[in-house]
Amino acid sequence: MRVAGVSSASRSGDRGPQVAVVGGGVVGWAIAWRCAVRGLSVTVHDPAPGSGASTVAAGMLAPVAEASFGETALTGLLVASAARWPAFAAELTAASGTDLGYRTEGTLIVGLTGDDLTEVRRLGAYQQGLGLPVTLLRPSGLRDREPALAPRVRGGAFAAGDHQVDPRRLLPALRTAAERAGAALVTEPVGRLGDLTAPAVVVAAGCGTAALTGLPVRPVKGQILRLRAPGGGPPGFRHVVRGYADGEPVYVVPRSDGEVVVGATVEERADPTVTAGAVLRLLRAAVGLLPELAEYDLVETTAGFRPGTPDNAPVIGVLPGRPGVLVAAGHHRHGIVLAPVTADLVADLLVTGIPDALLAPFAPDRFDPPVGSVTGP
Ligand code: GLY
């Protein structure tokens, strides 16, 4: 089966693009890049590229720390994509000439109180049961690794393979690489998929995917903070630190340029308000784990929207009843880590017509009967 009649061996040349990607976020540009380097002619359609979840995201590449009860298929995809990240980052750095802020120190998962530690251990036991690489650590072992941790921290775990990248470097790097490989941006809004003339369309429109396809992708609000280390230097800690502080989940992501990302709320809301209560809870939890953060500048408070699906997993594959339309959306908390596997497997599918077995649990038709396309032909 060929998905949409596209082939790297038969470029369309001046007959127009072979692949139209709707959505200029990390997933959309990654797909465009991977398709373009395979010789496909690609357009990316977005009136405001990068205005969705991509530049709000913290950039954790965390298949272990994000492994949640009942989400084993999703965890498998996270692991597969995280394994691609080192080569993906190296290739993208070379193709774009951009430092991605890709860091491999790993992630500490910690509990501030005894109850918090119980939760960290409960999750750690589940993650170890799946065979994921996570090592439980005593407080002394944690502080040997990260002396900036609060003396009160009761214990935790180390996920050495949970890395990070800076999405605000990643996004322009992907765009540069895609454009250098021949992809072109089109800024006219796409009101309906029928407006596009390319033989293959990939909907990677994040929360906008629902309106274009009828698939159940909804906004899941996240409030997130950006701090800056005083004096212009790097933060006083190197690892991603996440876990619980007095029952509050929090993550703290240090960048080499001095930025520290503190996140994030998870709210079934669609308003863009940043609330004092959320900022208070996030800062209290973050400072509880890393006291030096109290002295940092608070430089940004943002609310963004994760594209969530009913089972928290992405939708990747052919839209039911629309053989020329692929969907790559609903990445929820995982758009950054899942970008390589999504882009590679969508490009494979477009070129070969054969979906990789990895994609089987994520096919759009699992939401069958479809909610109904609102776009028409
Ligand atoms: N990936 C972390 C978050 O969505 O908050």
Side-chain angles (χ1 to χ4, degrees), residues 25-27 30 50-69 71 74-75 77-79 81-82 85 100-103 106-110 119-120 123 127 132 159 161-171 206-207 209 217-227 239-245 248-255 259-270 272 274-275 278-279 281-283 285-286 289 300-314 329-342:
V26 160
V27 171
S51 59
S54 298
T55 51
V56 182
M60 291 178 294
L61 310 173
V64 175
E66 290 278 344
S68 295
F69 298 104
E71 295 182 353
L74 174 59
T75 298
L77 195 67
L78 294 173
V79 168
S81 200
W85 253 99
L100 308 177
Y102 177 61
R103 291 181 61 171
T107 295
L108 295 171
I109 310 166
V110 305
E119 183 59 14
V120 170
L123 270 166
Q127 291 153 354
L132 297 173
D162 279 15
H163 300 155
Q164 62 137 315
V165 69
D166 185 345
R168 293 181 179 181
R169 294 169 180 258
L170 173 66
L171 185 76
C207 293
T209 300
V217 180
R218 70 184 194 287
V220 180
K221 180 177 174 180
Q223 298 187 55
I224 192 164
L225 317 177
R226 280 174 163 84
L227 281 55
H239 297 83
V240 173
V241 175
R242 54 187 292 164
Y244 301 88
E248 196 70 44
V250 69
Y251 53 74
V252 184
V253 183
R255 310 255 194 252
E259 181 179 85
V260 172
V261 183
V262 176
T265 64
V266 181
E267 304 168 69
E268 293 291 345
R269 300 174 62 105
V274 175
T275 64
V279 174
R281 284 194 303 279
L282 289 169
L283 285 178
L289 299 181
E300 185 183 310
T301 60
T302 320
F305 300 98
R306 308 169 182 89
T309 66
D311 57 11
N312 296 331
H331 290 70
H332 195 221
R333 299 177 62 89
H334 313 298
I336 307 299
V337 64
L338 290 178
V341 80
T342 302

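Note that ligands are numbered from 1 as they come in the structure, with each ligand's atoms numbered from 1 the same way.
Side-chain atoms of Leu227 and Leu283, non-hydrogen and from C-beta on, do get closer than 4.5 Å to each other. With contacts defined as side-chain heavy-atom distances shorter than 4.5 Å, the pair Glu267/Gln223 qualifies.
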Tabulation required: pairs of a nitrogen or oxygen in ligand 1 and a protein nitrogen or oxygen under 3.5 Å; columns are atom names and distance to 0.1 Å; otherwise 'none'.
{"from": "ligand 1", "atom 1": "1 (N)", "to": "Arg333", "atom 2": "O", "distance (Å)": "2.8"}
{"from": "ligand 1", "atom 1": "4 (O)", "to": "Arg306", "atom 2": "NE", "distance (Å)": "2.7"}
{"from": "ligand 1", "atom 1": "5 (O)", "to": "Tyr251", "atom 2": "OH", "distance (Å)": "2.6"}
{"from": "ligand 1", "atom 1": "5 (O)", "to": "Arg306", "atom 2": "NH2", "distance (Å)": "2.8"}

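The ring pair (Phe, Tyr, Trp, His ring centres under 6.0 Å) test applied to Phe305 returns no partner, not counting sequence neighbours.
Each of Ile336, Leu338, Asp162 was checked for a side chain to side chain contact (heavy atoms under 4.5 Å, CB included) with Leu61, and the lone residue meeting it is Ile336.
In this structure a side-chain-to-backbone donor-acceptor pair under 3.5 Å is missing from Thr75 to Ala67.
Arg169 and Glu259 are not joined by a salt bridge, as no carboxylate oxygen comes within less than 4.0 angstrom of a charged side-chain nitrogen.
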